[in-house]
Each structure stands twice: as structure tokens, then as C-alpha cells.
Amino acid sequence: MTDSGKPTLLVVDGHSLAYRAFFALPVDNFSTKDGQHTNGIYGFLSMFVNLLKAEKPTHVAVAFDTSRQSFRTRVYEEYKANRSESPAEFKGQIPLLQECLDAMGVPVLTKEDFEADDILATLATQGADRGFQVLVCSGDRDTIQLVTDDVTLLYPSVQGVSQLKRYTPEAVVEKYGLPPHNYPDIAALVGETSDNLPGVPKVGEKTAVKWLTQYGTLDELLERADEIKGVVGGNLREHLDDVRRNRQLNALLRDVEFEYEPEDLAVRPLDTQAVRDIFARLEFRTLLPRVFEAVGVEPEPVEPDVVAPTPVQAAPADLAAWVAQRSEETALTLTVVDGRPGRLGVATLTDVREADWSDDLAAALRDWLEGDAPKLVTDAKVQVKALRRAGIRLGGLVFDPLLAGWLLRPSLPDKSLADLVDRYLDEKLPVADPTQLVPETEGATPGQLAWFSLRVAEAQRGELPESVASVLTDIELPTLDALADMELAGVAVSKEKLGGFSAELGARADAIAQEAYAIIGKEVNLGSPKQLQEVLFEQLELPKTRKTKTGYSTDAAVLADLQESNPHPFLGLLLQHREATKLRQIIESLTVGIAGDGRIHTTYVQTGSQTGRLSSTDPNLQNIPIRNEESRRIRAAFEVGAGYETLLTADYSQIEMRIMAHLSGDPGLIEAFNSGEDLHRFVGARVFGVEPADVTPAMRTKVKAMSYGLVYGLSAFGLSKQLRIEQSEAKQLMLEYFARFGAVRDYLRSSVEQARIDGYTETIFGRRRPFPDLTSPNRVLRENAERAALNAPIQGSAADIMKIALFEIHGDLASRGLSSRVLLQIHDELVVEVATGEWDEVAEIVRVRMGDAADLSVPLDVQIGRGGDWDEAAH
DNA sequence: AATCCAACGTA
DNA sequence: CGTACGTTGGATTA
């Protein structure tokens with residue numbers, strides 16, 4: 001509200017202000033990690049938020065042009081015809097900006113055939129008529145004509161979009177010497193070059209104002225044009241039609257037919273989650289609190305549209321009887337406290353029952369829990385593990401909304417039932433307010449969580465394609481079961497081995513550091529990129545390297561390049577220091593992760609990747625060093641546990657290349673894998689036209705890099721850089737390669753094209769990954785999507801195959817009553833702890849299950865190793 | 001104290 | 001200008 005007590009209506013021209021912001025802010029500082037430019041969006045929102053805060057409008061809307069075409073271009077086809085195409089970097093920002101505004105609860109208005117300014121004019125006029133104080137914010141000078149006592153124009157100054165000049169009638173008179181309604185007359189005479197509307201030659205603002213003051217109105221002036229003397233008078237008489245045309249075109253329409261009236265534009269509560277999501281996508285951080293502050297409302301807790309049934313407390317026997325008579329799918333939620341079952345809730349769509357976990361309850365429910373009765377559990381792995389600790393193996397798991405949500409949209413960060421309730425039901429999951437001692441709002445109970453899970457699942461099933469549903473049922477759920485056991489088992493790690501190695505590395509790092517300090521004559525933190533830059537590029541005056549966001553890169557590749565071009569002892573020491581401290585860090589994180597049982601229990605995140613792979617956290621056991629001899633000492637600390645005989649490692653060789661051979665059907669590549677010859681030797685022989693025996697190591701290295709690069713969408717540039725060869729040679733290598741293995745290139749091309757049509761890629765087993773950016777006008781975005789889309793079916797199919805092998809092995813070991821157990825999965829490798837006397841049987845199971853996990857047109861080769869520790873077993 | 005960034009480990 | 005991940009310490013920001 002303004003001082004006058006009137007409601008305030010703020011209407012903004014989104015396009016013109018975002019465009020100004022686009023040029024005002026450096027593109028380089030405003031783009032996301034995947035290349036989306038955001039400077040226009042950021043600049044606009046920043047200004048908009050300031051406006052909201054300063055003006056506190058009660059009603060608000062942002063208008064956009066629909067296209068360059070409007071009724072004006074039909075009246076005068078040259079209208080704005082001189083405008084160059086707006087840059088591609090800008091175009092993509094408008095839809096994103098509209099998404100932001102939408103999330104903020106701000107109406108986004110467009111109208112086919114009209115410009116944003118006509119929308120502003122209509123709303124301003126209506127608003128003033130209906131008693132609003134109106135604020136118009138636009139970067140188009142024509143909107144000056146809208147200014148009245150009730151309508152103020154906020155116009156960006158040349159300094160930038162954040163400085164807005166207020167045009168009241170007085171301010172307009174002061175600046176132009178005439179009241180606002182005369183402004184279009186001035187503009188018609190002067191012309192507007194940006195709209196491609198030529199005016200009267202030699203007539204500028206001064207002359208126009210003088211004439212209009214003299215004759216009162218434009219019509220009068222044009223009528224009596226012959227009274228004006230001199231060259232300008234002649235010019236005026238020659239351009240009368242131009243002036244009339246200009247005046248016709250620069251008049252803004254105040255009566256556009258419109259679905260909104262000013263009253264409909266009352267400020268709405270913003271959708272905090274949606275704002276968070278879109279800002280996260282755009283990588284806006286500082287803007288978020290500013291938006292929340294400007295809006296002034298803490299995010300309102302939205303009342304749930306549907307209220308969950310009140311849970312019925314049940315005695316163990318009653319609960320057992322109740323679940324036993326259910327034939328339909330029952331949802332189940334178990335609270336987990338320190339890895340143990342807490343309280344159990346079960347639900348159908350109409351009924352919710354609960355009971356605290358107890359031995360009695362466990363006994364009463366065991367048959368049902370372990371049986372095949374269909375059950376639905378959100379985030380099942382955690383609960384499956386808790387039940388296993390309590391001696392119960394959950395059976396009949398048919399659905400997990402968290403897995404389903406990930407399969408549907410692998411890119412989304414939905415990590416909890418609350419996220420899913422928001423996304424699929426558009427409701428808020430009731431949560432107890434943790435900031436209050438006696439919470440005002442009750443959180444959902446376990447049974448109610450189960451009830452919500454059921455409803456989320458219902459919504460998800462509606463959009464779950466059959467192929468994706470089968471991935472859930474046939475791959476993910478069985479995998480979940482295996483992962484639960486792997487996490488519970490953990491892997492034995494020797495603190496002694498790690499500790500000894502860490503001490504050695506520490507001593508070495510210190511010695512190296514001292515030596516390095518001596519060379520540069522001072523002590524710096526070698527782990528600080530900032531201090532290193534000072535030493536390298538200023539003190540030692542080494543040539544500047546690749547730029548990063550914060551300065552110049554000092555990564556290993558850059559240092560190695562520097563060492564070659566400008567050898568300096570400090571560089572070598574720095575690299576050695578990095579290596580030693582890195583290994584120490586890894587050891588440290590592993591040591592912290594060793595539990596009371598002497599084993600590391602990692603957590604596999606089943607919904608952690610875009611492609612279908614697993615990821616591993618706390619600690620990550622999928623990136624334990626292996627590349628050089630020394631670092632393998634860390635692997636050697638992973639040992640067979642007490643009571644077991646040995647470790648078994650099994651890995652797929654070249655699984656991604658094999659999948660590519662299968663998917664492309666390339667006869668040469670298929671022959672390569674069926675020949676039994678070393679792959680790279682075979683490919684090298686074909687590419688270089690020699691006998692396999694005559695393939696030199698250099699040749700092998702080249703085709704190997706090429707083969708692996710293919711799977712990632714490598715370019716000639718990238719290949720040349722990796723192999724340190726000329727780009728022309730890399731290009732030639734690619735040509736020769738594709739001349740022999742052409743079907744591979746055809747496949748890669750067509751698979752991206754298909755993905756562009758479908759909007760997603762699909763693995764051999766039907767797992768999908770959406771790729772909206774394949775049709776983006778933004779080249780960086782599009783090409784990034786193309787490479788990812790090329791890789792997704794290959795990496796994803798490999799992930800599917802490994803998952804299948806994993807749960808089959810897990811199942812076989814259990815069903816045959818073996819004590820051996822799978823411990824780790826590292827994408828294409830499994831580590832199994834083999835019980836005494838079980839080696840032969842286990843090795844056979846692993847070999848067969850991995851080899852038969854998929855039926856491809858090439859064999860799946862499995863390498864098996866045995867040893868007392870992970871390093872030994874790798875040989 | 002929380003968050004970002006460069007760097008680097010793996011498949 | 002090579003896909004997919006997670007963790008770290010230092011720097012930066014709140």
C-alpha cells in the first residue's frame with residue numbers, strides 16, 4: 001500500500017528489462033556449469049526483487065512479447081525490421097526467467113499479436129480507473145505516454161537496470177518540456193531509430209517541443225505545416241506521412257482484450273520449493289534469501305489438501321491379523337533409530353495402523369514380513385537393513401517410490417518422501433517443526449508416511465512406462481536386496497597397514513615441503529591454489545596457464561605441461577607433494593570409516609546417478625586408488641575377514657566396448673571380440689593395416705584412446721590433446737578408425753538422433769534418461785547433451801548388466817546355503833569374501849552369472865582373481 | 001558455520 | 001572441445 005492507502009499495481013516489461021540486463025552484466029560471470037547463460041535472468045530478478053522490496057506492490061505482473069510479429073508489423077512491415085536477431089545466448093533465458101517468475105507466484109502475461117507494452121498500457125489504464133496506484137516498469141520510452149497522476153513510470157537509467165528513474169508527470173515535463181500525453185507526438189516527429197521509424201530529418205527533441213508548444217497539438221502542427229520556415233519546415237512537409245505513421249505505431253493500445261483484470265493480479269504466495277529448485281538449476285545462491293525477504297512472507301505451510309487417516313494403535317496380534325487378511329498391496333514404513341527398527345506403520349488407502357517395534361511384534365509379524373504378500377516401502381534399503389538387524393528378511397517388496405521417482409526422472413534431487421509428495425501429489429508432507437519444543441504442527445506418523453507412499457506410488461504408476469516399470473521390478477528391487485546385505489557385511493580393513501603407510505606418506509610430504517620451501521625461499525601452504533598461483537606466476541614468473549573461475553589452474557596436467565616448457569624443480573616437488581597428501585587424505589577418510597567390527601560399511605546410493613550406476617558414500621569405496629604401484633598399498637589394506645578364506649575379485653573386461661559392438665552391430669568389432677585376440681591389438685591391426693603381431697605399443701595406445709574416447713563423444717581436439725599429437729593426426733586416426741568400423745559411427749549418430757526425437761535414451765533393458773537439451777538453441781548446452789546422450793545407453797546398459805549379475809550371484813550364494821558373500825561393487829568389478837572350502841563353487845557362480853547376465857552378440861569376458869587382500873586378488 | 005571451488009581418486 | 005561419480009582442504013560468505 002502506498003501512503004494514499006490505495007492498492008499498488010506493478011506491471012513490468014520482462015523482455016526489455018531482461019535484455020538490458022543481458023548487456024549490462026558480463027556473460028562469463030553468469031553461466032551455469034553446463035553452459036546456460038543466466039545474466040539476463042539474474043539482472044532482471046535482482047532489479048525485480050529490489051522493486052518489490054521498495055514499492056511493496058499489492059498486485060504485480062510481468063508482461064512479455066510473444067514474438068517479433070505483432071499488429072504493428074502488419075501495419076508497417078518495416079517496424080523494428082532493423083533490429084538484429086537477439087543473440088542465442090539471450091533467447092534461451094526468457095523461458096527460464098518465466099519459469100522463475102512462475103515459481104515466485106508472479107503472473108507472466110503474453111498476448112499473441114501484441115507487444116508487452118500494450119499489455120502494460122491496458123493494465124495501467126484499467127488499474128488507474130479502478131483506484132490503483134500504478135507503477136509501470138519498462139525499458140521502452142514509448143511507455144512515457146502512460147504517465148499520469150496515478151501512473152508512474154520506472155525507467156532504467158544508462159548506468160544499469162538496478163537504477164530506476166521515476167517518471168511522474170512533473171518529471172516528464174521537466175525532462176521533455178511537455179506533459180506525458182505529448183511524448184508520442186515528440187517521438188513521432190523525431191523518429192525512433194531502434195524501432196526503424198524514421199522521423200523528420202534535422203528535427204530533434206528541442207525542435208519538436210518548440211513546435212508542439214507553439215501549435216498545441218500534433219494535428220494542428222501537421223495541418224499548418226506550411227507556416228514553418230526554413231529547411232526543417234520543408235523537411236516536415238515532405239515527411240508528414242511518416243510522422244502520422246509514427247504516431248499511429250507508437251500509440252500504445254489501452255484496451256487489449258485480456259483474461260486478467262488488475263484485481264486478479266494480487267500478490268500470491270510463492271512456491272518456495274519451486275523457487276529453490278529453479279534457482280538451484282540456475283546456480284543462483286545469493287538471490288534466494290533476497291527473494292524470500294522481499295516477499296516478506298516466510299513460506300506458508302500449505303494445509304494438506306487431503307488429510308491422512310488417523311492411525312489406529314494396534315496390539316501385535318491384532319496387527320498381524322489385520323495384515324494377514326489384506327490381499328492387496330500394503331504400504332509399510334518402519335522408523336529406524338541407530339539402524340534398528342523403531343515404530344512400524346502399515347497402510348492401505350483407507351486404513352492406517354501402527355505399533356511400536358518389540359519382540360512380540362516381530363514374532364507376530366514375521367510370517368507376513370518375510371512372506372510374499374506385496375509390500376510397498378519408501379527408501380526400502382534403510383528399512384530392509386534395520387529389519388535384517390532384527391533378524392527378519394523382508395519379502396514381497398514390490399515397489400519403492402524413491403526408486404520409481406529416480407527411474408522416472410534421474411536428474412531430479414528428490415531424496416525423500418517429502419520431495420515425492422510435493423512433486424507427485426502437489427501436497428506438503430506434514431513435518432513436525434523441529435525449532436519448537438512443543439511443535440505446533442504434528443509430523444506424519446509412520447503409518448501416515450506409508451499412506452502417503454501409497455498415494456505417491458499411485459501417481460507414479462500413471463506415468464511409468466512398461467519398460468521402466470520392468471527395470472524397477474526386475475533390476476532395481478532385487479539389487480536393493482543385495483546392496484542391503486553388502487552394506488551390512490562391510491569389508492575388513494587393516495588399520496595397521498593403513499596407519500603405517502600414512503605415517504610414511506606424512507614424513508615424505510613434510511620432507512618434500514621443506515625442500516620446496518627452500519627453493520622458493522619461503523613457507524607457503526602447498527595445498528592452497530591461491531598461494532601457489534602467487535608463487536608460480538608471480539614469484540617464479542612461469543607462464544600463465546588455463547584460466548579458472550578464481551584465477552589460473554594449477555592442476556596436475558597444467559603443472560606437467562609447465563614442467564615441459566619451463567622446467568623448474570619446484571614443480572616436480574609440488575606434484576610429489578600433491579600425490580603424497582592425496583593418498584594420506586584417502587587413508588584418513590578410510591580410517592575414520594572403520595566401524596567397531598573392524599570393517600568399513602559403505603552406503604551404496606541406488607538413486608545417485610543419471611545413468612543407472614550406483615554410487616558409494618561414507619566412505620566412497622568406488623574410487624580407491626589403483627593406478628600406480630605405491631597407491632595399491634591402500635588396496636592391500638582391504639583384507640579377507642576373520643572366518644573367511646580369501647577374497648575373490650571379478651571384473652568385466654571392456655564391457656562398454658562390448659556393449660557398443662552389440663548395439664552397433666559392427667561386424668569388425670564383433671569379430672574382434674569373438675576372435676579372442678587382444679581388442680586393441682586387433683583394432684590397431686585393422687586401423688593401421690598391419691598384422692596383429694606387428695601392432696606397436698604406440699599404435700595400440702592410440703587406438704585404445706580412440707576406442708574409449710568414442711564412448712564419451714570424444715572430438716579430434718580432445719583426442720589430440722590426450723595423445724599429445726597434432727590435431728590433424730588425430731583427425732586422420734579417427735578417419736581410419738571409422739573407415740574400418742563404420743557401423744560404430746553410424747550407431748552413435750543415429751542413437752543421438754533418436755534421442756532427439758524421443759526426448760530420452762534407453763538402455764538395452766529399458767532404463768530411460770531424458771535429454772531435453774538435445775533441442776536447445778544454446779550450442780554449449782546442446783552439445784553437452786549430445787555427448788551425454790551418446791554415452792548414456794552404453795554406460796547405463798553396463799550398469800544394468802552388472803546389477804543383474806550382482807543380484808543373481810547374491811541370490812545363488814543364499815539359495816545354495818553358502819556363507820560366501822559379495823562385499824563391493826565398483827561399476828565393472830565385484831569383490832566377494834569367500835568362505836573356507838567354497839572357492840570352486842563360488843568362482844563358478846560368479847563366472848557364470850556375470851558371463852550370462854546379458855545375451856549380447858559378443859561374449860562377456862570375466863576376469864577372476866584370488867588373494868588375501870584386494871590388491872593381491874586383482875592379479 | 002555453511003557453501004563454493006579446484007583438484008583428484010575411480011570406472 | 002571426454003561420460004559418470006564423491007571427497008577433500010582452502011577460500012569465501014553468512
Side-chain angles (χ1 to χ4, degrees), chain A residues 33-35 280 283 285-286 288-289 410-411 524-533 545-559 574-575 578-579 581-590 592-593 602-605 607-628 631-632 634-635 651-657 660 705-723 727 730 748 761 769 779-780 783-796 798-799 802 824-830:
Chain A
K33 59 180 184 311
D34 38 31
E283 299 174 15
R285 286 166 279 270
T286 51
L288 194 64
S411 67
V524 296
N525 184 342
L526 296 176
S528 159
K530 199 178 164 217
Q531 294 178 37
L532 280 178
Q533 286 175 45
T545 58
R546 176 171 59 83
K547 269 196 192 152
T548 67
K549 233 174 200 171
T550 51
Y552 297 94
S553 173
T554 66
D555 71 21
V558 159
L559 294 182
L574 180 55
L575 283 167
R578 283 245 178 97
E579 199 175 329
T581 48
K582 179 76 183 173
L583 289 181
R584 257 187 96 193
Q585 272 175 20
I586 292 171
I587 292 171
E588 175 59 24
S589 71
L590 289 176
V592 171
T602 186
T603 302
Y604 288 103
V605 184
T607 57
S609 77
Q610 308 261 324
T611 52
R613 277 189 174 184
L614 300 173
S615 74
S616 156
T617 64
D618 304 311
N620 181 356
L621 295 186
Q622 290 180 321
N623 69 344
I624 304 302
I626 190 170
R627 298 268 151 92
N628 64 57
S631 66
R632 284 190 209 141
I634 297 180
R635 289 199 169 219
D651 60 84
Y652 283 119
S653 42
Q654 299 128 355
I655 187 167
E656 294 191 342
M657 281 299 284
M660 208 160 68
M706 171 84 201
S707 290
Y708 280 109
L710 274 181
V711 180
Y712 303 141
L714 188 68
S715 64
F717 176 88
L719 187 62
S720 73
K721 220 172 65 167
Q722 196 203 324
L723 290 172
Q727 214 171 313
L748 292 172
T761 58
R769 175 173 172 189
R779 202 181 85 185
V780 178
E783 290 180 348
N784 285 342
E786 284 170 353
R787 285 190 300 276
L790 184 127
N791 174 263
I794 300 170
Q795 191 184 116
M802 182 48 116
L824 303 176
Q825 188 259 38
I826 309 96
H827 307 306
D828 65 359
E829 174 185 5
L830 293 178

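Every heavy atom of this structure was used, including side-chain atoms; hydrogens, water molecules and symmetry mates were not. Below, read A as the first sequence line, B as the second, and so on, with proteins coming before strands; counting in each chain starts at 1. Since we're looking at a predicted model, the values are computed, not measured.
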What is the separation between atom [atom1] on [X] and atom [atom2] on [N], rounded to the nearest whole Å?
{"X": "A:Q825", "N": "C:dA4", "atom1": "CD", "atom2": "C1'", "value": "13 Å"}
{"X": "A:Y708", "N": "B:dT10", "atom1": "OH", "atom2": "C1'", "value": "14 Å"}
{"X": "A:L574", "N": "B:dA7", "atom1": "CG", "atom2": "C1'", "value": "11 Å"}
{"X": "A:I587", "N": "B:dG9", "atom1": "CD1", "atom2": "P", "value": "13 Å"}
{"X": "A:L583", "N": "B:dC8", "atom1": "CG", "atom2": "P", "value": "12 Å"}
{"X": "A:Q533", "N": "B:dA6", "atom1": "CD", "atom2": "P", "value": "10 Å"}
{"X": "A:I655", "N": "B:dA11", "atom1": "CD1", "atom2": "P", "value": "14 Å"}

(message) Using a 4.0 Å cut-off on heavy atoms, which residues in residues 713-720 of chain A reach DNA chain C? List them by number, or say none.
(response) A:G713, A:L714, A:S715, A:F717, A:G718

Starting the side chain at C-beta, find the nucleotide from [options] nearest to [X].
{"X": "A:Y712", "options": "C:dA4, B:dA11, B:dC5", "answer": "B:dA11"}
{"X": "A:R769", "options": "C:dG2, C:dA4, B:dT10", "answer": "C:dA4"}
{"X": "A:R787", "options": "C:dG2, C:dA4, B:dA11", "answer": "C:dG2"}
{"X": "A:A556", "options": "B:dA11, B:dC8, C:dG2", "answer": "B:dC8"}
{"X": "A:T550", "options": "C:dA4, B:dC8, B:dA6", "answer": "B:dA6"}
{"X": "A:N791", "options": "C:dT3, C:dC5, B:dA11", "answer": "C:dT3"}

Can a side chain N or O of [X] be found less than 4.0 Å away from OP1 or OP2 on [N]?
{"X": "A:S615", "N": "C:dG6", "result": "yes"}
{"X": "A:T548", "N": "B:dA6", "result": "yes"}
{"X": "A:R578", "N": "B:dC8", "result": "yes"}

Quick one: does any side-chain atom of [X] pair with a main-chain N or O of [Y] as donor and acceptor, under 3.5 Å?
{"X": "A:T545", "Y": "A:V558", "result": "no"}
{"X": "A:R769", "Y": "A:T611", "result": "no"}
{"X": "A:Y652", "Y": "A:M802", "result": "no"}

(message) Can you pull out every side-chain hydrogen bond (donor to acceptor under 3.5 Å, both in side chains) where at least one residue sits in residues 705-718 of chain A? Sequence neighbours excluded, please.
(response)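 Qualifying pairs: A:S707-A:Y737.
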
(request) Tell me, please, which residues at least two apart from A:S653 pass side-chain contact (heavy atoms from CB on, under 4.5 Å). (result) A:R658, A:D861, A:Q863

Under 4.5 Å between any side-chain heavy atoms of [X] and [Y], yes or no?
{"X": "A:N623", "Y": "A:I586", "value": "no"}
{"X": "A:T602", "Y": "A:N620", "value": "no"}
{"X": "A:S528", "Y": "A:L526", "value": "no"}

(message) Strictly under 4.0 angstrom, non-hydrogen atoms only: write out the protein contact profile of nucleotides 7-14 of chain C, one letter per nucleotide from the 5' end, B, S or -.
(response) SSSSSS--

(request) Under the side chain to side chain donor-acceptor pair (under 3.5 Å) rule, collect the residues that match up with A:E786, sequence neighbours excluded. (result) A:R756

(message) Once salt bridge (charged side-chain N to carboxylate O under 4.0 Å, His left out) is applied, what residue pairs with a partner in residues 787-796 of chain A remain, sequence neighbours excluded?
(response) none

Which part of the nucleic acid, if any, lies within reach of [X] when heavy atoms closer than 4.0 Å are counted: base, sugar-phosphate only, or nothing?
{"X": "A:S553", "value": "sugar-phosphate"}
{"X": "A:Q610", "value": "sugar-phosphate"}
{"X": "A:L621", "value": "nothing"}
{"X": "A:R613", "value": "base"}
{"X": "A:G551", "value": "nothing"}

(request) Classify the side chain of A:Q622 and the base of B:dT10 as holding, or not holding, a donor-acceptor pair under 3.5 Å. (result)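 It does not, because no donor-acceptor pair links the side chain of A:Q622 to the base of B:dT10 below 3.5 Å.
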
(message) If I pick the P atom on C:dG2 and the same atom on B:dC5, what distance separates them, to the nearest angstrom?
(response)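 Rounded to whole Å, the distance is 22 Å.
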
